[in-house]
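Whatever order the structure lists ligands and atoms in, that order sets their numbers, starting from 1.
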Amino acid sequence: MVDLHLHSTFSDGSDSPEALVELAAGAGLAAIALTDHDTTDGTERFLAAAAGRGIQTITGIELSVEGSEGSLHMLGYGIDPSDAALQQNLSELRGGRHSRNERILQKLDNLGLPLAYESVVAHAGNDEVVGRPHIAAALVDAGYVATVQEAFEKYLIKGAPAYSDRLRLGTARAIALIRAAGGLPVLAHPHLLRLKRKPLQKLVAQLRKDGLAGIEVWHSQHNANVAAAMHGLARDLGLLVTGGSDYHGHLKGNIRIGVGPGHLRIPDECFAKLKSALSAG
Ligand code: AMP
Ligand code: ZN
Ligand code: FE
Ligand code: FE
């Protein structure tokens, strides 16, 4: 079993890279990947810890990009973290987060829910990659809402009164950036796009023309039927398949490394195929 979609304290996960590796070792995983949002800063520690535990790894990133059907998440596997263009773009994306977060806090203030930025950063650990889950946790702390979920639904989801969008790359640009950094672009959790079969097929076919290499078939929010449908789509379009739990620790409850909510069993084979596609480059 493998888990190729994990978040650490370097973005909006609650576990350090080393803690993720310990959990993966406990779950008996053969391969893992750290896919933090907009940063590769946890990579070195993650790879070192995994090597120490004899677990195979691949570098990773997750970008939120602007597609024709709205925003979607693009994973990049096997990227070179020292790639200058990649780091320049990641730095701009993190800047876009900062200004977006300021707008959200301003809107919350206008709604009579003032939050100190420091209380948000306290949940993030540092102010490099601060996200809505951290703002949600601060809203809970302040007693404005009971749960992170309630914070999202009442204030932070798209359409809610404190929502504000942030800078995103276009899909073609994100795909090209990942490719240029030596990586393979993979569409994350396609089911969360909530598209019917035909429009999804059309979107993925277009992304493939732009250089998409694979799709995430197995995910905590994909049940067995969805995974089978995604596998079929990948087969039809000649795309690689990957999978991961999207573990965020306590910032996204009831998902465990390797097994997600309980049903995940992601085959080792997908990791081997991803690796060989990279070395075939
Ligand atoms: P951001 O990247 O800062 O815009 O925040 C996106 C993060 O918020 C992702 O990790 C999502 O998993 C999380 N998120 C988005 N919508 C919800 C929701 N309705 N409930 C809980 N978490 C959410
Ligand atoms: Zn996240
Ligand atoms: Fe995602
Ligand atoms: Fe994710």
Inset, instruction - Identify which one of Leu264, Ile257, Val259 satisfies the side-chain contact (heavy atoms from CB on, under 4.5 Å) criterion when paired with Met1. - result: Val259
Inset, instruction - Calculate the angle formed at the Fe ion (ligand 4) by NE2 in His5 and OE1 in Glu62; 10° precision is enough. - result: 90°
Legend entry - Backbone or side-chain N/O/S of His73 under 2.8 Å of the Fe ion (ligand 3): yes
Inset, instruction - Determine which of the N, O or S atoms in Asp246 is closest to the Fe ion (ligand 4) and give its atom name. - result: OD1
Inset, instruction - Using side-chain contact (heavy atoms from CB on, under 4.5 Å) as the criterion, point out the one residue from Asp141, Leu105, Ile104 that pairs with Val120. - result: Leu105
Inset, instruction - Verify, without hydrogens or angle tests, whether Asn101 (side chain) and Val130 (backbone) share a donor-acceptor contact under 3.5 angstrom. - result: yes
Inset, instruction - With Leu93 as reference, evaluate Val129, Thr39, Leu63 under the side-chain contact (heavy atoms from CB on, under 4.5 Å) test and give the passing residue. - result: Leu63
Inset, instruction - Report the C-alpha distance between His5 and Ser220 in whole Å, list the side-chain angles of each, state the deciding distance to 0.1 Å, and finish with yes or no for side chain to side chain contact (heavy atoms under 4.5 Å, CB included). - result: CA-CA 10 Å; His5 191 155; Ser220 289; over 6 Å; no
Inset, instruction - Would you please test Glu22 and Arg53 for side chain to side chain contact (heavy atoms under 4.5 Å, CB included) and show each step? - result: CA-CA 8 Å; Glu22 286 313 303; Arg53 278 296 205 158; 2.5 Å; yes
Legend entry - Metal proximity, His189 vs the Fe ion (ligand 3), N/O/S cut-off 2.8 Å: yes
Legend entry - Metal check, the Zn ion (ligand 2) vs His7 N/O/S, cut-off below 2.8 Å: no
Inset, instruction - Please find out if the Zn ion (ligand 2) and some N, O or S atom of Asp12 are separated by less than 2.8 Å. - result: yes
Legend entry - Minimum-distance N/O/S atom that His248 presents toward the Zn ion (ligand 2): NE2
